[in-house]
Each structure stands twice: as C-alpha cells, then as structure tokens.
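What you are looking at is a predicted structure, and each value in this text was computed from that prediction instead of being measured. Just so you know, ligand 1 is whichever comes first in the structure, and atom 1 is the first atom listed for that ligand. What you see below is based on every heavy atom in this structure, not just the backbone, and it leaves out hydrogens, waters and symmetry mates.
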Amino acid sequence: MTRLLILGGTSEANVLAAAVARAGIEATYSYAGRTQVPVNQPLPVRTGGFGGPDGLADYIRDEAITHVIDATHPFADTMSRNAIDACAATATPLIALVRPPWTQCFGDDWVAVSDLAQAADLLPEGPACVFLAIGRQHLQPFAAKPQHHYVLRFVDTPDGPLPLPSTTVIVARGPFTLDGDLELMRQHGVSWLVTRNSGGTGARAKIDAARALGLPVIMIERPQMPERRTAATINAVMTWLTHETRLGA
Ligand code: 3Y8
Ligand code: NAP
C-alpha cells in the first residue's frame, strides 16, 4: 500500500500532485508555509517544517510513509538535504524531481555567480535600476549597494521595512509571462536583472525578456547537492513510483 509524501512548493510539484491524484495514489502534499495563500492542491496538504531531518524521519515513521518525492525548488537545499538524511535513516525510497537549469543561449548576456554577495558585488558603482527577482528572504547583501533603485517581486506584501532605501515592490506569484515581464522591465527602466537559476517554466520569462531588451543578467548558480536519485520529468517520477510500488518497496 503506497503512502506518498510530496515535498512541494513549485509549479512542477503542482503538476505532479494532479498526476498523483488522477492515479488514485494515497499522498500528502507538504508546504513549508512560506506564503500566506499557497495554491490549493488535489491532495491532502500539510504545512510547516518537520523539525529537521530527525523530525522528518519521525513523520515518515508516524505516518507510515512508503515513498518520498522531493519536488522542492532547486534552492530549497536544506529541505532536500534533510530528505536525503531522513529517507536514509528510515530506508524510504526517495526521488528528487529536478528541473534542468536554464542555459545561456545566443543573445544572452549572463554573468554566473555562486552566491548573493557575489551578485551584489557585480552590480555597477553608478546608480542603476535592478530587477532583483529573488523574493524577499535574502535582500540584505544588496544593502551594500544602496545607490541603485531595486524593482522587487514578492509573493506576499512585505510585512515590515526593507533593507534597501530605493525600491518598487510588485506583489505577484508565478507563473509569469514574457509579455508581462517585458512590460514590467520596460515600464520601470530596468537595466540589470539578478535571478537564481531556478529552471522550469514558471519564472523563465524574465530571462527571455532580458535577452529581448539586451540587458545583463547576474545568474546565481544552484547549490551543489549530495548524491541522490533524480528525475527531470514528471513522467519519469511517476514511472519510478509505480515501479517501486510494484516491488513493494
Ligand atoms: C511557498 C507556493 C505555481 C508555482 C509558482 C517555479 C515557479 C513562481 C520561481 C520571480 C522569481 C522566487 C520565489 C519563485 C519561483 C514559481 C512557483 C517559484 C521565485 C511559490 C510558493 C511558495 C513560494 C516560496 C517563495 C520564497 C521565494 C520564492 C518568490 C505558493 C509561489 C523569488 C525564488 O515571501 C516569501 O517568504 C517567499 C519565499 C521561498 C524566495 C525568497 O527567498 O523570497 N518562492 N513560492 C512554498 C512553501 O511554503 O512550501 O504560494 O503557491 C511557488 C513558486 N515559486 O503556482 O505555479 O519555479 O515553480 N518563488 C527564486 O527563484 O529566486 C520568483 O519573481 O521571477
Ligand atoms: P529551505 O531553506 O531548503 O528549508 C528550510 C526549512 O524549511 C526546512 O529545513 C524545513 O523545515 C522547511 N521546509 C522547506 N520546504 C518545506 C516543505 N516543502 N515542506 C515542509 N517544510 C519545508 O527551504 P526554502 O528555500 O525556504 O523553500 C521553502 C519552500 O518554498 C519549499 O517548498 C520550496 O519548494 C519553495 N520555494 C522555494 C524557493 C527558493 O528560492 N528557495 C523558490 C520557489 C519555491 P524543518 O527543518 O523544520 O523540517
């Protein structure tokens, strides 16, 4: 009897949840609780941290979870590492749905950096208009460059002061469109884009818009992850799930 846990929070996790529900597989969709009104799911939902890898291992045992699919965002690396540890500790089959990173193509003007501080360092000394499309949790490194005007896109309205003096805040959740991001970047006179290499389709519009506008992009590369089973498509994950279930794993 399969009892699946989906670690969600991405566009692909939402599509996976619909496929799992259609297949009639017993599953729970897990959110961290980062946003006020997350998208509804066609599965039972649990929200909030588990309490580290040990807390997740306890959850797996208490809920008799038989399979875990890590469909979190490629920068949710603490959750992914905890899933590796908890599934090893409980001998629970685990697969990560990892969408391929975006790759530079003709006409792109990207500079790759490994962290937010490097991204801030690369911004020019003279004042510019920067589309800082990295959400609201990690703005502090850019306080080192207060001379810029920052266009910020959050899922929820900020609940307190921001560490940047000159900002335009846009409240919107993805998936985003090319026309929408072209309009946003033209309207605000954006001259630089800072983004994580999230991959997927839900938020790639901004890098296509930057190419069309001939803008430089500071691309934050993904954190390295330990060895684990991965799949790049939902079909591959569903094939794994049914195979592992047949084996009674
Ligand atoms: C809570 C679930 C869907 C899913 C939408 C995807 C697409 C938009 C890329 C930009 C970049 C950013 C941010 C982003 C992406 C999708 C997808 C994806 C980037 C939701 C969601 C949750 C979150 C958490 C939120 C973070 C924030 C990051 C905004 C739901 C909408 C910038 C990441 O306010 C906060 O505390 C928000 C925090 C983590 C990063 C940050 O540090 O601020 N995502 N995003 C999940 C949970 O609680 O478990 O609310 O429904 C999911 C999505 N985020 O509906 O199709 O790739 O799947 N989300 C980044 O890439 O830098 C937006 O604006 O262009
Ligand atoms: P993170 O830094 O990797 O994880 C920090 C802690 O948050 C985890 O240790 C865990 O708490 C809890 N957590 C994270 N994801 C969870 C989930 N799906 N269900 C239950 N608990 C979860 O995570 P993050 O980067 O803040 O991402 C949080 C959520 O937002 C994830 O669902 C992710 O898919 C989504 N998201 C993140 C980004 C991003 O840029 N990071 C972008 C889009 C969507 P405990 O240790 O207590 O278990």
Side-chain angles (χ1 to χ4, degrees), residues 5-18 28-41 45-60 65 68-86 96-102 115-116 119 131-142 150-160 162 169-178 180-181 184-185 190 193-210 217-223 225 234:
L5 172 64
I6 297 175
L7 301 173
T10 59
S11 306
E12 285 76 7
N14 299 343
V15 177
L16 171 67
T28 300
Y29 188 101
S30 181
Y31 276 122
R34 287 276 181 289
T35 52
Q36 286 165 8
V37 189
V39 162
N40 288 327
Q41 297 299 336
V45 169
R46 66 160 303 285
T47 301
F50 296 95
D54 295 344
L56 177 53
D58 290 344
Y59 178 87
I60 288 170
I65 297 295
V68 176
I69 298 176
D70 176 359
T72 59
H73 186 275
F75 283 77
D77 56 321
T78 305
M79 184 72 259
S80 294
R81 291 172 191 282
N82 292 356
I84 294 168
D85 294 347
L97 174 56
V98 181
R99 63 250 185 139
W102 296 319
D115 60 38
L116 293 162
F131 180 13
L132 195 47
I134 60 166
R136 70 174 171 169
Q137 293 186 100
H138 305 290
L139 299 175
Q140 195 57 45
F142 296 90
Y150 291 97
V151 176
L152 307 172
R153 183 153 63 185
F154 297 161
V155 180
D156 296 316
T157 305
D159 45 12
L162 300 173
V169 174
I170 295 158
V171 178
R173 68 171 56 236
F176 303 107
T177 64
L178 177 58
D181 280 0
L184 180 154
M185 292 159 89
V190 168
L193 170 65
V194 179
T195 176
R196 292 189 182 92
N197 196 328
S198 309
T201 54
R204 77 153 295 138
K206 57 184 178 282
I207 58 174
D208 295 334
V217 177
I218 299 177
M219 182 63 71
I220 302 163
E221 292 306 304
R222 297 177 173 186
M225 289 305 296
I234 286 159

Counting from 1, what ligand 1 atoms have a heavy atom of [X] closer than 4.0 Å?
X	value
Lys206	10 (C), 11 (C), 65 (O)
Val155	29 (C), 31 (C)
Val39	30 (C), 51 (O), 55 (O)
Pro38	30 (C), 50 (O), 51 (O)
Pro175	56 (O)
Gly135	32 (C), 41 (C), 43 (O)
His73	60 (C), 61 (O)
Arg173	30 (C), 31 (C), 50 (O), 51 (O)

Where's the contact between Ile134 and ligand 2, heavy-atom distance under 4.0 Å: side chain, backbone, both or neither?
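The answer is neither.
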Distance from [atom] to nearest protein heavy atom, with residue and atom:
atom	answer
atom 57 (O) of ligand 1	Arg99 NH2, 2.6 Å
atom 22 (C) of ligand 1	Thr35 CG2, 3.6 Å
atom 60 (C) of ligand 1	Arg196 NH1, 3.3 Å
atom 11 (O) of ligand 2	Gly49 CA, 3.5 Å
atom 53 (C) of ligand 1	Gly9 O, 3.9 Å
atom 9 (C) of ligand 1	Ala203 CB, 3.4 Å
atom 2 (C) of ligand 1	Tyr31 CE2, 3.9 Å
atom 38 (C) of ligand 1	Gln137 NE2, 3.5 Å
atom 36 (O) of ligand 1	Arg136 NE, 3.1 Å
atom 39 (C) of ligand 2	His73 ND1, 3.5 Å
atom 47 (O) of ligand 2	Gly51 N, 2.9 Å

Against heavy atoms of [X], which atoms of ligand 2 measure under 4.0 Å?
X	value
Thr72	34 (O)
Gly52	45 (P), 46 (O), 47 (O), 48 (O)
Ser30	17 (C), 18 (N), 19 (N), 20 (C)
Asp77	3 (O)
Arg196	40 (O)

Would you call [X] a ligand 1 contact, heavy-atom distance under 4.0 Å?
X	value
Gln36	no
Asn14	yes
Phe154	no
Gly33	yes

Nearest heavy atom to [atom] wins, so pick from [options].
atom	options	value
atom 5 (C) of ligand 1	Ser198, Gly202, Ala32, Ser11	Ser11
atom 6 (C) of ligand 2	Arg34, Arg81, Arg46	Arg34
atom 2 (O) of ligand 2	Thr35, Ile220, Thr78	Thr78
atom 16 (C) of ligand 2	Ala203, Ala32, Ser11	Ala32

Ligand 2 to Ala76 polar contact by distance, N or O atoms, under 3.5 Å:
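Between Ala76 and ligand 2 (N or O atoms, distance only) the closest approach is under 3.5 Å.
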Under 3.5 Å, N or O to N or O, is Ala71 touching ligand 2 that way?
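Between Ala71 and ligand 2, no N or O pair is found under 3.5 Å apart.
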Under 4.0 Å from [atom], is there any protein heavy atom?
atom	result
atom 11 (C) of ligand 1	yes
atom 18 (C) of ligand 1	no
atom 27 (C) of ligand 1	no

Between ligand 1 and [X], is the shortest N or O to N or O distance under 3.5 Å?
X	value
Ser30	no
Asp156	no
Arg153	yes

Looking at ligand 2, would [X] count as a contact under a 4.0 Å heavy-atom criterion?
X	value
Gly55	no
Gly48	yes
Asn82	yes

When you measure from the side chain of Asp156 to the backbone of Gln36, do you find a donor-acceptor pair of N or O atoms at a distance under 3.5 Å?
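It does hold such a pair.
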Check: Ser30/Arg46 side-chain N/O donor and acceptor closer than 3.5 Å:
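Side chains of Ser30 and Arg46: pair found under 3.5 Å.
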Please identify which of these residues, Thr195, Asn197, Ile134, Asp115, meets the side chain to side chain contact (heavy atoms under 4.5 Å, CB included) condition with Ile220.
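Exactly one option meets the side chain to side chain contact (heavy atoms under 4.5 Å, CB included) with Ile220, and it is Ile134.
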Check Leu184, Val217, Val194 against Phe131 for a side chain to side chain contact (heavy atoms under 4.5 Å, CB included) and give me the one that passes.
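Running side chain to side chain contact (heavy atoms under 4.5 Å, CB included) over Leu184, Val217, Val194 with Phe131 returns exactly one hit, Leu184.
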Taking atom CG of Leu178 and atom CZ of Arg204, what is their separation to the nearest 0.5 Å?
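Atom-to-atom, Leu178:CG and Arg204:CZ are 10.0 Å apart.
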